[in-house]
Amino acid sequence: MDREFIAERQKGLQNYLNYITSNHILSSYEPVKKFLDPSNYSANYTEIALQQVSMFFRSEPKFEVVEPLKDIGWRLRKRYFLMKCKNQPKEPLVLSWADLGPDKYLQDKDFQCAIKLLPSWTHPYIHRVTFATAGESSALVIKPFNEKGTLKDLIYKAKPKDPFLKKYCNPRKIQGLELQQIKTFGRQILEVLKFLHDRGFPYGHLHASNVMLEGETCRLMDLENSLLGLPSFYRSYFTQFRKINTLESIDVHCFGHLLYEMTYGRPPDSIPVDQFPPAPSMSVVSVLESILSCEACKSGMPSVSQLLQMPLFSDVALMNTEKPQFKIPTKLKEALKTAKECMEKRLTEEQKSIYQHRRLTRAQSHHGSEEEKKKRKILARKVNKITILFTIYIL
C-alpha cells in the first residue's frame, strides 16, 4: 500500500482522536477509554456495582432494585439503579454507587463517618439523601428520584432516564432560560455554595446535572463526590489556570459554566471566552465576564459573596424558610480541612506540571519552525565564513 496514503490516513485518525479527547465528555466515555487504553479499562463496572449493591441488600432488605439506569451519568466508575422502598413502593428512589477517586484523602474512619452523616444534613437548596453507606473502596447513596429531572434536563428538554450522551450532546433546539429563572436559580445555587464554604465543606462538583429541580427550587446534589475524592466535571478546564487553586474558586469557576449554560442553552465553545453572545440582560454578561473572561481566568475568581452582591442576584427575594441542619463533629471538621488542603495541593502540582509542559511544547514548536530553521542556517553560514576567513588570516 502507498506510504503517503498510509501517512495521510494516520494523520487523519490522529486528528480525529485529538478532537474526541479534547471534549471532556467524550474523553470520559467508557468505549473511548477502553479503545485508547484497554489494559487499564477492562473491568466491567456494572458487574462490580451490582456485586456491591447485592451485598448491601443483605443487610438492608427494605430496599429493592427496579431497574438499572444505564449510562445516565458521565462517570466511568459510577453506576445508577432505580429503586423503591418496600414500605413506600410508590415513591421512586435512585441509588448511585461509586468507586473511590484520586482525591480521597479522608482516613477510613472519618470517611465512613462523613458518608453516614449525609442523610442527616438538610438545607432548602440541598437534595435530600435517604440512605448512605460506605465500604472499603466505594460508597452507595440513595436519594428520591425526580421524574422531571435536573436543571440540565430542563435546559436541554431531556428525559432524565436517557443515556447522558443522547440527552445532552446533540440537542434538537438550543435555547437558554428566562431571565427570571436565571436570576432565581443562580441566587439559590450561590446561597448554598456560600453555606458550604462557611462550614468548611469541600464541594467542587457544581454542574447543571448536579442540580435537582423541584418546581422553582434548585437543590444541590452529590455532596458525597468530594468525600469519595472524585474528579470534577470541569477539571480539564480549571487545571489550565493557576489562579483557580482552591475549592472555593473551583466552585465559582464551575458556577460560571453553569450560568453560561442557563443563559445560552449550551456550554461555552472554549475557556476563556473572548466575546459573549447577546444575553437577556447586560447584568448576566457582567457576571460571566467576572468568571470566564481571559482576564478573570488569569487574575483569579471573585468570591461567592461578591457574586451575591452583583445586580443580577442582589434583588432576588428568596421565599424558602426551611432551617438548615448541617452538624459536623469537630474531629471530622479538622479531617475535612486537611483533606481539602491535600486536594488543593494536588491541583497546584498538576497545574504546575501542565504549565511546564506548555512552555516546553512552545519552545520546541518555536525551535522547529521553518523561520527558526532558516535563521539557524544563515547563522551557520556566517560562522562557517568567519571560520574560513580566520583560518586564511592565520595561514
Side-chain angles (χ1 to χ4, degrees), residues 7 10-29 32-33 35-37 40-41 76 101-103 105 202 204-207 226 229-257 260 267-276 288-303 339-383:
Q10 284 178 332
K11 188 178 179 182
L13 177 60
Q14 187 61 57
N15 289 337
Y16 179 66
L17 289 174
N18 290 344
Y19 177 79
I20 289 175
T21 53
S22 66
N23 184 299
H24 76 293
I25 296 175
L26 291 176
S27 61
S28 302
Y29 193 45
V32 175
K33 291 279 192 186
F35 175 77
L36 294 174
D37 192 2
N40 285 323
Y41 294 95
L76 181 67
D103 274 325
Y105 291 108
H205 293 274
L206 178 63
H207 60 92
S226 58
L230 302 180
S232 171
F233 185 69
Y234 294 117
R235 188 175 182 89
S236 61
Y237 289 97
F238 58 72
T239 49
Q240 309 298 316
F241 306 105
R242 299 175 78 182
K243 288 289 185 178
I244 306 174
N245 53 15
T246 65
L247 268 293
E248 290 83 0
S249 61
I250 286 171
D251 281 335
V252 171
H253 181 74
C254 294
F255 178 77
H257 282 263
Y260 190 103
D269 294 325
S270 61
I271 299 294
V273 180
D274 294 325
Q275 191 170 0
F276 294 91
L288 289 171
E289 285 177 340
S290 73
I291 302 171
L292 299 181
S293 67
C294 187
E295 184 182 347
C297 289
K298 286 182 178 179
S299 60
M301 298 289 101
S303 67
K340 177 177 177 290
E341 289 168 355
C342 291
M343 291 180 203
E344 291 170 350
K345 183 182 177 183
R346 190 175 85 88
L347 172 62
T348 302
E349 288 170 354
E350 186 176 340
Q351 289 171 331
K352 185 180 178 181
S353 176
I354 290 170
Y355 176 73
Q356 289 172 342
H357 177 72
R358 272 181 178 171
R359 286 189 65 183
L360 179 63
T361 304
R362 279 198 298 265
Q364 288 173 340
S365 176
H366 178 70
H367 194 68
S369 67
E370 288 299 321
E371 188 179 341
E372 281 300 304
K373 285 179 182 177
K374 285 179 183 178
K375 285 180 181 178
R376 287 199 297 274
K377 282 181 182 178
I378 293 167
L379 183 61
R381 286 192 199 118
K382 286 181 178 177
V383 170

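Side chains included, hydrogens not; waters and symmetry mates left out as well; all remaining heavy atoms used.
- Contact check for P302 versus V252: side-chain heavy atoms found under the 4.5 Å cut-off.
- At least one side-chain heavy atom of R235 sits under 4.5 Å from a side-chain heavy atom of L347.
- L26 contributes atom CG, which lies 11.5 Å from atom CG of L17 (distance to the nearest 0.5 angstrom).
- One finds the CZ atom of R358 at 11.5 Å from the OG atom of S353 (value rounded to the nearest 0.5 Å).
- The two residues F238 and S232 make their nearest non-hydrogen contact at CE2-OG, 3.6 Å.
- With a 6.0 Å radius and a threshold of 12 heavy atoms from other residues, nucleotides or ligands, E349 has its CD atom above the threshold.
- Side chains of V32 and I20 form a contact here, defined as non-hydrogen atoms less than 4.5 Å apart.
- Between the T21 side chain and the N18 main chain, a donor and an acceptor come within less than 3.5 Å of each other.
- Looking only at side-chain heavy atoms (C-beta outward), H257 and I291 stay at 4.5 Å or farther from each other.
- The minimum heavy-atom distance between A296 and E289, with the atom names listed, is CB-O, 3.6 Å.
- Each of S299, C294, P272, S249 was checked for a side-chain contact (heavy atoms from CB on, under 4.5 Å) with F241, and the lone residue meeting it is P272.
- Within the 4.5 Å cutoff, side-chain heavy atoms of F276 are placed close to those of L292.
- Partners of D274 by side chain to side chain contact (heavy atoms under 4.5 Å, CB included), not counting sequence neighbours: none found.
- Considering every non-hydrogen atom in both M343 and D103, the closest pair reads CE-O, 3.8 Å.
- For the atom pair Q351 CD and R346 CZ, the distance stands at 11.0 Å (nearest 0.5 Å).
- Aromatic ring centroids of Y237 and H253 lie 6.0 Å or more apart.
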Worksheet item: What do the steps show when you test E344 against K340 for salt bridge (charged side-chain N to carboxylate O under 4.0 Å, His left out), and what is the final call?
Response: CA-CA 6 Å; E344 291 170 350; K340 177 177 177 290; 2.7 Å; yes

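- The only member of H357, R359, K352 that meets side-chain contact (heavy atoms from CB on, under 4.5 Å) when paired with Y355 is R359.
- With a 4.5 Å cut-off on side-chain heavy atoms, Y29 and N23 do not count as touching.
- F233 has its side chain within reach of I25: a pair of non-hydrogen atoms, C-beta onward, lies under 4.5 Å apart.
- Residues D251 and M301 form no side-chain contact, since every pair of their non-hydrogen atoms from C-beta on lies 4.5 Å or further apart.
- Taking each heavy atom of C254 and Y234 in turn, the nearest pair found is SG-CD1, 3.7 Å.
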